[in-house]
Chemist: 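Take a look at this one; I'll ask things after.
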Amino acid sequence: MSQYTPPIRDMQFVLHEMFNAESIFKSIPAFNEIDADTMNQIMEEGGKFCSEVLQPLNAIGDSEGCTLNKADHSLKTPTGFKEAYQQFVEAGWASLSCDPNYGGQGLPVTVNQAFYEMMNSANQAWTMYPGLTHGAYDCLHEHGSQEQKDLYLPKLTSGEWTGTMCLTEPHCGTDLGMLRSKAEPQADGSYKITGAKIFISSGEHDMAENIIHLVLARLPDAPVGTKGISLFLVPKFIPNADGSLGARNPIFCGAIEHKMGIHGNATCQINLDGASGWLIGQPHRGLAAMFVMMNAARLGVGMQSLGLTEVAYQNAVVYAKDRIQGRSLTGPKSADKPADSILVHPDVRKMLLTTRAYAEGGRALCMWTALELDKELSHPDEAVRKEASEMVALATPIVKAFITDNAWEATSHCMQVYGGHGYIAEWGMEQYVRDSRINMIYEGTNTIQSLDLLGRKVLGDGGAKLMKFGKMVRVLCEAEANNPAMKEFIEPLADLGDKVSKLTMEIGGKAMQNPDEVGAAAVDYLRVVGHLFYAYFFAKAAKIALEKQASGDKFYTAKLHTARFYFQKMLPETAMLIRKARAGSATLMEMEADLF
Ligand SMILES: Cc1cc2nc3c(=O)[nH]c(=O)nc-3n(C[C@H](O)[C@H](O)[C@H](O)COP(=O)(O)OP(=O)(O)OC[C@H]3O[C@@H](n4cnc5c(N)ncnc54)[C@H](O)[C@@H]3O)c2cc1C
């Protein structure tokens, strides 16, 4: 049975010591009363809810899964899920970062994100119900009409109603331009929507009284492709003007998918049989509106994998300290016992430190991105908002793909630390491995994220956004150039910064001759840039740890060890990745299709 302790100390380090969140919030009028103590209190209280309420339901959710009653289309979530959700709503957790105009608490996104890391560590499958709701809230908040906002946002804010995103159809996942669901205009301004959606997370359940589906469909006069997609709001129960529940809308769950992980979350086939829907935003502009939800979800998926990395690490460390097996290569460390703990073995340490570095690097990346998002959404200065929006755009595919790829590796390492005990269900580690795998697939596969990064975010603007990040790297390198204690961090960071510039120019040049060069390099390229971000964050962390380690607080000693491990044992991966990215597309594309 696994356990979870919220990593409050490291969250505080990242928020207060690395990024000085309080000073950022002071520059934003809406948040200028949010100080470090307020953030700490929320994280501590939120952490209790996660470890005491959600964590004990994680294994139950995995073993029970969801059950559909095909006769009445109702869906039962695992034991305890509904009650935990009630507690979540009653405590106000759903509304943390929502707009006070609709009943929200108006706190920064960053605070909400810290809470979501802990929820995901405790129970990813459960967390997807409120997580998608929050995405639907964001989308409606930005693109809904005033009437829609007044009717739906208070209920989504409080969590009384939940939300979904209904994009995928059996014949189209990545290529949404092919989607076929239809929307017929009605005399009263509504639409009748018909179609079949698959893989819809949280698509039906018994945790809340209503579900607000955001559905992509085509109007009768829609152009083909992605320019002919519109977005509709399709409630399970059509609300009356006062928010009370009205008629049941014909949008039903036809079946639930049986899948590798996240069993506690209902992945539904959703049939729309002339369901009533209301247009959100402009006709044929649905994909752009849906991108608000998709971008939020991409950051959310990174957060899911960060949560899993952290909880896997915590459990593997406890196991490694306890499990005795073999002797240290340098002689017995526990002579009074028949064997040493497996923590004496270098490779066990390597697996644990790799996971730890992925957790700490991932947390820094997620929190930095969340702070940029707060600036983008709420800073009074337009220039600051614009710059922050560029950083969020650049970081989003990295948060989604780098953290989820790393979590798959990290959870697998943690399973390996348990030996055979990791593979059997009793210890809970195999669930984390299974749960983490989907994060590389949904919300745009990691290949699609890589293409988004290299093709759109980097080459699309001639490298401007990347250069802005590069400037931050350069500023740190120049400031620490004469600090001998920082040499071991700054030299490799500066070197990688140069190499990323050269690699980007080289791929950009080749792509002008042959667009397949982008597709062939993108996945390796994203990992290289992901490492540039982590190297920058670990160098910043190391600087603080060097300055404060004399305090005797062992937190800083451990931080320094992790940073050194990262630079010496993980960052060298970039040399191989750069070679692979430079190797080009020919060997991939020249093989005839019938030879596969
Ligand atoms: C458990 C689960 C929950 C989900 N939840 C939701 C949800 O809530 N709402 C929703 O709408 N959808 C949801 N999905 C769907 C998910 O987002 C899609 O599965 C995903 O986007 C990939 O689409 P696909 O499965 O059709 O794969 P395909 O699009 O068929 O892709 C197959 C492979 O081809 C690659 N590929 C495709 N196109 C390209 C390209 N242009 N360039 C390079 N490579 C390419 C992909 O990367 C992938 O490796 C969920 C899926 C699962 C399994």
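The analysis underlying the following values was restricted to heavy atoms, covering all of them including side chains, and did not include hydrogens, waters or symmetry mates. Atoms within a ligand are numbered from 1 in the order they appear, just like the ligands themselves.
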Chemist: For the aromatic rings, using the six-membered ring if either is Trp, is the centroid distance between Phe402 and Phe533 under 6.0 Å?
Modeler: no
Chemist: Flag atom 49 (O) of ligand 1 as yes if some protein heavy-atom distance to it falls below 4.0 Å, otherwise no.
Modeler: no
Chemist: What is the closest protein heavy atom to atom 12 (N) of ligand 1, and at what distance does it sit?
Modeler: Thr168 OG1, 2.7 Å
Chemist: For atom 32 (C) of ligand 1, decide whether some protein heavy-atom distance is shorter than 4.0 Å.
Modeler: no
Chemist: Got a donor-acceptor contact below 3.5 angstrom from the Arg218 side chain to the Gly228 backbone?
Modeler: yes
Chemist: Using distance alone, decide if ligand 1 has a nitrogen or oxygen within less than 3.5 Å of any nitrogen or oxygen in Lys259.
Modeler: no
Chemist: Are the side chain of Thr267 and the backbone N or O of Ile200 linked by a donor-acceptor pair below 3.5 Å?
Modeler: no
Chemist: Output, in order, the C-alpha distance, side-chain angles, deciding distance and verdict of side-chain hydrogen bond (donor to acceptor under 3.5 Å, both in side chains) for Glu409 and Thr354.
Modeler: CA-CA 9 Å; Glu409 183 192 331; Thr354 300; 5.4 Å; no
Chemist: Which heavy atom of Met119 sits nearest to which heavy atom of Thr127, and what is that distance?
Modeler: O-OG1, 3.1 Å
Chemist: Looking only at non-hydrogen atoms, find the nearest pair between Ser585 and Asn514 and report the distance.
Modeler: OG-ND2, 3.4 Å
Chemist: Give the residue, atom name and distance (to 0.1 Å) of the protein heavy atom nearest atom 24 (P) of ligand 1.
Modeler: Gly173 CA, 3.9 Å
Chemist: Classify the contact between Glu443 and ligand 1 as side chain, backbone, both or neither, using a heavy-atom distance cut-off of under 4.0 Å.
Modeler: backbone
Chemist: Among Leu451, Ile270, Thr447, which one puts a heavy atom closest to atom 42 (N) of ligand 1?
Modeler: Leu451
Chemist: Please say whether Phe199 places an N or O atom under 3.5 Å from an N or O atom belonging to ligand 1.
Modeler: yes
Chemist: Using heavy atoms and a threshold below 4.0 Å, how should the contact between Leu167 and ligand 1 be classified: side chain, backbone, both, or neither?
Modeler: both
Chemist: Measuring to protein heavy atoms, does anything land under 4.0 Å from atom 35 (C) of ligand 1?
Modeler: no
Chemist: Please check: side-chain N/O of Ser121 versus main-chain N/O of Gly307, any donor-acceptor pairing under 3.5 Å?
Modeler: yes
Chemist: Quick check: does any side chain N or O of Asn120 sit under 3.5 Å from a backbone N or O of Tyr116, one acting as donor and the other as acceptor?
Modeler: yes
Chemist: Is it the side chain, the backbone, both or neither of Thr174 that has a heavy atom closer than 4.0 Å to ligand 1?
Modeler: both
Chemist: Starting from the C-alpha separation in whole Å, work towards a yes-or-no answer on side-chain hydrogen bond (donor to acceptor under 3.5 Å, both in side chains) for Tyr432 and Ser2.
Modeler: CA-CA 10 Å; Tyr432 296 134; Ser2 63; 2.7 Å; yes
Chemist: Would you say ligand 1 has an N or O under 3.5 Å from any N or O of Met165?
Modeler: yes
Chemist: Within the 4.0 Å heavy-atom shell around Ile438, which atoms of ligand 1 are there?
Modeler: 1 (C), 2 (C), 52 (C), 53 (C)
Chemist: Does the pair Asn446 and Thr404 meet the rule for a side-chain hydrogen bond (donor to acceptor under 3.5 Å, both in side chains), with working shown?
Modeler: CA-CA 8 Å; Asn446 284 1; Thr404 62; 2.8 Å; yes
Chemist: Taking the six-membered ring for Trp, are Tyr85 and Tyr129 closer than 6.0 Å centroid to centroid?
Modeler: no
Chemist: Can you tell which of Leu179, Val518, Ile441, Ile448 gets a heavy atom nearest to atom 41 (N) of ligand 1?
Modeler: Ile448
Chemist: Name the closest protein heavy atom to atom 8 (O) of ligand 1, giving the residue it belongs to and the distance to 0.1 Å.
Modeler: Ser201 N, 3.0 Å
Chemist: Do Thr445 and ligand 1 have an N or O pair less than 3.5 Å apart?
Modeler: yes
Chemist: Looking at atom 16 (C) of ligand 1, what's its closest protein heavy atom, distance included?
Modeler: Tyr442 CB, 3.9 Å
